[in-house]
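No experiment lies behind these values; they were computed from the predicted model shown. Letters A, B, ... mirror the listed sequences (proteins, then strands); counts begin at 1.
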Amino acid sequence: MFDIQMKDGVLLVSGRLDASQAERAERMLEHVRQSAVADLEKLEYISSAGISVLVRTQQRLMASGHTLKLVNAQPRVRDVFHYASLEEIFGLE
Amino acid sequence: MEKQFHRDFGELDTIFEFVARFLADAGIEDPPVFEVQLIIEELFTNLVKYNLGQHDIGIRLQKVADALEIVLTDEDVEPFDITLEPEPNTRQPLEARRAGGLGLHLVRQMADEVKYDYSGRRGTITVRKKLVRPERGARS
């Protein structure tokens, strides 16, 4: 089950972000209105549907001068960002 | 191993279980379950979104020589050759990027071969992914 929790100012993202969870994820992220950090340590899976949700969130935030930074992505999740050439845009180190 | 799935994103969990069970039973560790699930999700959701079919979608997994073969079949549909779809420009700045095309781009990145066949109003997508490591503990 996909989930996002806020703890100490960090978005803790967990579970699987696939096409069946994308709408739910988008509704959760609509509440993010300022620069934020999302910890992906417990994100087990992401597909293009999940990537698109994060891209739209980043586009919305950047339009108002803010950013979403992603940290602690697991290697396979990080690979997906790499294939999409999105590591730099999300600050993945 | 082959199974039919309803044209619904809600089928993804069942598809993921189907993939994980096949790979475990076949003793396949590489390609990893993550990549196979992702390839199939991208292809399955593409068919659900763009093929206006009425029938369930078939997914077949099998070992063929030194590769894993993934076959998706969609009956009674118009032709839609995914291999002819243009690549998205992943070098564009974020503000210029648009949704669409990323899923097939990921499939092309991860797969060794992607083929499309259309015959008798049946669309068939075949993906091959090379097996990297020797199989261990495979059940006969």
K.L.:
Which residues in residues 37-57 of chain B have a heavy atom less than 4.5 Å from any heavy atom of chain A?
P.N.:
B:Gln37, B:Leu38, B:Glu41, B:Glu42, B:Thr45
K.L.:
Show the numbers, then the answer: is there a side-chain hydrogen bond (donor to acceptor under 3.5 Å, both in side chains) between A:Glu87 and A:His82?
P.N.:
CA-CA 6 Å; A:Glu87 291 167 299; A:His82 173 72; 3.0 Å; yes
K.L.:
Working to the nearest 0.5 Å, report the span between CD of B:Glu87 and NE2 of B:His105.
P.N.:
5.5 Å
K.L.:
Find out whether B:Arg128 and B:Lys130 are in side-chain contact, i.e. whether some heavy atom of one side chain is under 4.5 Å from a heavy atom of the other.
P.N.:
no
K.L.:
Please report the C-alpha distance between A:Glu30 and A:Arg60 in whole Å, then the side-chain angles of each, then the deciding distance to 0.1 Å, and finally whether the salt bridge (charged side-chain N to carboxylate O under 4.0 Å, His left out) criterion is met.
P.N.:
CA-CA 9 Å; A:Glu30 281 172 359; A:Arg60 176 172 57 77; over 6 Å; no
K.L.:
I want to check something: taking the side chain as every heavy atom from C-beta on, are B:Val19 and B:Leu61 in contact at a cut-off of under 4.5 Å?
P.N.:
yes
K.L.:
Quick check: does any side chain N or O of B:Tyr116 sit under 3.5 Å from a backbone N or O of B:Thr126, one acting as donor and the other as acceptor?
P.N.:
no
K.L.:
Less than 4.5 Å apart, any side-chain heavy atom of A:Ser47 and any of A:Leu17?
P.N.:
no
K.L.:
Without swapping roles, check the side chain of A:Asp18 against the backbone of A:Gln21 for a donor-acceptor pair under 3.5 Å.
P.N.:
yes
K.L.:
Give, for atom CG of A:Leu70 and atom CG of A:Leu11, the distance between the pair rounded to the nearest 0.5 Å.
P.N.:
9.5 Å
K.L.:
Are A:Tyr45 and B:Phe16 an aromatic pair by the rule of ring centers under 6.0 Å?
P.N.:
yes
K.L.:
Is there any residue in residues 4-13 of chain B with a non-hydrogen atom under 4.5 Å from a non-hydrogen atom of chain A, and which ones are they?
P.N.:
B:Phe9, B:Leu12, B:Asp13
K.L.:
Among A:Ser20, A:Ala22, A:Ala19, who wins on heavy-atom pairs under 4.5 Å with chain B?
P.N.:
A:Ala19
K.L.:
Would you mind telling me which of B:Arg108, B:Glu35, B:Met110 has the largest number of heavy-atom pairs within less than 4.5 Å of chain A?
P.N.:
B:Met110
K.L.:
Between B:Pro32 and chain A, with a heavy-atom cut-off of 4.5 Å, which part of the residue counts as in contact: side chain, backbone, both or neither?
P.N.:
side chain
K.L.:
Nearest 0.5 Å, what's the OG1-CD1 distance between B:Thr90 and A:Ile89?
P.N.:
9.0 Å
